[in-house]
Amino acid sequence: MTDPRDRLIVALDLPSVGAAESLVAQLGDTVSFYKIGYELGFAGGLGLARELIADGRKVFIDFKLHDIGNTVARGIASLAALGASFATVHAYPQTMRAAVEGREGSALRLLAVTVLTSYDEADLRAAGYSAGVEETVARRVVQARETGIDGIVCAPTDATRVRTLLGPDRAIVTPGVRPEGAASGDQKRIATPFAAIRAGADHLVVGRPIVAAPDPAAAARAVQAEIAAALAAS
Ligand SMILES: O=C(O)c1cc(=O)[nH]c(=O)n1[C@@H]1O[C@H](COP(=O)(O)O)[C@@H](O)[C@H]1O
């Protein structure tokens, strides 16, 4: 997977299908992999997901499922039928086991979200966890691996340690990616595209630095150029 286009996933965090379609048109052939999360998904985005898939694009459905096992398994089975490439669940063992059961027989790859990139040590403590970020990520990666999950969503700053625990064959997907000088917004554990790839990420999820850029296609190409430079340096 050396084509930077396969490595960049653009988060279509937009309020309407029309806005998303116009961004996809602006990005043209530059971007081939899109993520649809709460904002667009709850505004008709699953229909757009079907169209993008029919058009040969890859789609990552990011609803970060976490519920009783039966509900998770059935929800994942529906996403598998949609033809999505990736879907997220929270990295709780029961949830992950149910998700693996729900996608059986499909090509859907499951990603487990470890510790959100907007969380730091204080946020974890406030949520009632006594373990810190590093320990919590590590525990969840090991549990995800044992459950048969296909990949991990983690901060780029976690990627090196995650790769050691996960092994070479499963995917590491990192949001929290910010080109030099870009506003971090609500993200707390961030790195540049170059650093994320060097740390072992397979795919980078980038939203606002591309979606809110004055020229989104130029912003996407700049991220891809960093990805290419990091791959060349590896
Ligand atoms: O699962 C995700 O994609 C995700 C996990 C995480 O820990 N942090 C995170 O930011 N994300 C998603 O990645 C995207 C990042 O967007 P930007 O911060 O705008 O680049 C958003 O769509 C988030 O929902």
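When a residue number appears, it is its place in the shown sequence, counting from 1. The figures here come from the full heavy-atom set of this structure, side chains too, leaving out hydrogens, waters and symmetry mates. First listed ligand is number 1; within each ligand, the first listed atom is number 1.
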Margin query: For Phe63 together with Phe42, are the ring centres under 6.0 Å from each other?
Written below: yes
Next item on the list: Would you check if the distance from the ring center of His203 to the ring center of Phe60 is below 6.0 Å?
Entry: no
Note to self: Students often mix this up, so state it plainly: with edges at 30° and 60°, are the rings of His66 and Tyr92 parallel, tilted or perpendicular?
What the structure shows: parallel
Notebook entry, point to check: Name the residues with a heavy atom less than 4.0 Å from ligand 1?
Noted result: Ala11, Asp13, Lys35, Asp62, Lys64, Leu116, Thr117, Val153, Pro175, Arg178, Gln187, Val205, Val206, Gly207, Arg208, Pro209
Notebook entry, point to check: If we ignore angles and hydrogens, is there a donor and acceptor under 3.5 Å between the side chains of Gln187 and Thr117?
Noted result: yes
Check: Do the side-chain N and O atoms of Asp186 and Ser118 include a donor-acceptor pair separated by under 3.5 angstrom?
Finding: no
Next item on the list: Please say which of Val72, Thr71, Val100 ends up in a side-chain contact (heavy atoms from CB on, under 4.5 Å) with Thr95.
Entry: Val72
